[in-house]
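Order of listing sets the numbers, starting from 1, for every ligand and every atom in it. This is a predicted model, so every value here is computed, not measured.
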Amino acid sequence: MHLKEKNMTLVKTWAEPYKIKMVEPVFMTTKAQRKNAIKEAGYNTFLLKSADVYIDLLTDSGTSAMSDRQWAGLMMGDEAYAGSRNYYNLEETINKYYSYKYVVPTHQGRGAEHILSQILISEGDYVPGNMYFTTTKLHQELAGGKFVDVIVDEAHDPENMFPFKGNVNLERLEVLINKVGADKIPYVSIATTVNMAGGQPISLANLKALRELTNKYGIKIIHDMTRVAENAFMIQQKEEGCKDKTVAEIVYEICSLTDGATMSAKKDAMVNIGGFLAVNDPDIHEKAQNMVVVYEGLHTYGGMAGRDMEALAIGITESVQDAHIQARVGQVHYLGNKLQKKGIPIVKPIGTHGVFLDAKKFLPHISQDKFPAQTLAAELYIESGIRAMERGIVSAGRNKKTGEHNHPNLELVRLTIPRRVYTQAHMDVIVESVYNVYKRKNAIKGMEMIYEPKYLRFFQARFKKLKK
Ligand code: P61
């Protein structure tokens, strides 16, 4: 990959812009141990013990490595109940890099989603968005709203090479506005990047056009900015006219085009816990400050310790550095390209936070009702102790009205790469392991769900292997 940085020479490699100062040992188990562990976990990788995992690709959420600066930041924690200096530093940092005026810290992303949904959504409202995310949609529904997917069609096709699969289909959105009325749409929900589509970015041009359209109807844009720096990097690399901008400049521009944001700081910002709600409207801010004291904590810490807010402020600063994000996404692309060379079906183009295996193509003999992605994730664990995550029919849940399974087009297994944690050699082991499963794919059979929780079922559901 040839990557250019503003005011710097052409960078020909994604080599990490850091060296390793501390390590955490990982251990390999035997196949017999893994077979037993996954059976006990009901063939659900969320229910495995981390000690039984060799390379953990379940998520990039809260699993990244903090820098020495961030660890030093923990020592600067001001744990005052009210008015911690770390809060003011965080607010200033968010204002500087993300443009938003007011900040309410929460324990993580869904805490912010809860508060924002309750404030903005009324019973019977519609919330259009660029593909659903599990927790975001659930909070929209719990507040009385109905999520409407207005992402471009390309996003539902794993083979389509469109570079901005996170874009909104503006015609479809306008049809919805005219059908239900702008007063029934409290905001458009825009994620950077789109997790469930395979970590796919939205373009700056599409976001600008969306801003124009929503301005015309007086509708807000709320930004799920969980992986905004990764999205900005893809804009820098792929969007016309953006190659001379820094990632930090693009991040700022994206945020400036929106009215407010929810953030799971556990991703881009590389902290183990934390999140926030950020807005420009003083009325929404006042309401959020009032709600946060009910559900999270005082408005100057929400759900976070002072030290965690300090580590977050430092993490935000690091997350928008070109050298960092180039290495982060470079590693994901290294893995994706190697898998592709082996003929493994993956979502294309390769996204930013992980490589997504296309389970429908990997296991074409297993029908979606027999959970091919869930099955593939379990098999990969048995093969080599690698833990991945189902992102298909189990994650999509049931239709609220009919009670039937939702059948998403995308039936995927996510190999999620934590930031600054694994090496190139680990990536090679992952490729080898996936390929070994691929070679024996015809012998793999589907599964049956034997326990299904009411909310976000994929976290705790249990399965049984089918005999045929
Ligand atoms: C993940 F299986 N993501 O990707 P919280 N928005 C977006 C997210 O990616 C996100 C949240 C909001 C996780 C953790 C996770 O179905 C699942 O800080 C784009 O986790 O509350 C979280 O942020 C929520 C895994 C969440 C899941 C929900 O692994």
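Neither the backbone nor the side chain of H114 has any atom closer than 4.0 Å to an atom of ligand 1 (non-hydrogen atoms only). Contact annotation: for M389 versus ligand 1, heavy atoms closer than 4.0 Å belong to the side chain alone. Residue contacts with ligand 1, taken as heavy atom pairs separated by less than 4.0 Å, do not involve H107 at all.
At distances below 3.5 Å, not a single donor-acceptor pair connects side-chain atoms of E230 with backbone N or O atoms of G199.
The two atoms that bring T300 and P105 nearest to each other are C-CG, 4.3 Å, heavy atoms only.
Polar contact check, K266 against ligand 1: no nitrogen or oxygen pair lies under 3.5 Å apart. Between S61 and ligand 1, no pair of N/O atoms sits closer than 3.5 Å. Below 3.5 Å of separation, one finds an N or O of R227 facing an N or O of ligand 1. For ligand 1, the polar-atom distance check finds no N/O of D60 at less than 3.5 Å from any of the ligand's N/O atoms. Taking distance alone, with nitrogen or oxygen atoms compared against 3.5 Å, R110 approaches ligand 1 more closely than that limit. On a distance-only criterion, G274 and ligand 1 share no N/O pair closer than 3.5 Å.
What sits closest to atom 7 (C) of ligand 1 on the protein, heavy atoms only, is D224 OD2, 3.4 Å. For atom 24 (C) of ligand 1, the closest non-hydrogen atom of the protein is T135 OG1, 3.5 Å.
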Stepwise ring pair (Phe, Tyr, Trp, His ring centres under 6.0 Å) check, Y87 with Y301:
CA-CA 7 Å; Y87 167 74; Y301 71 83; 9.7 Å; no
Trace of the side-chain contact (heavy atoms from CB on, under 4.5 Å) decision for D268 with V228:
CA-CA 7 Å; D268 248 13; V228 65; 3.7 Å; yes
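Taking the ring axis of F458 as reference, the NZ or CZ atom of R391 stays within 45° of it and closer than 6.0 Å to the ring centre.
At least one heavy atom of K267 sits closer than 4.0 Å to an atom of ligand 1.
Using modelled atom types and a 3.5 Å distance limit, the side chains of T416 and R414 yield a donor-acceptor pair.
Taking every non-hydrogen atom of E113 and a distance limit under 4.0 Å, the qualifying atoms of ligand 1 come out as 6 (N), 12 (C).
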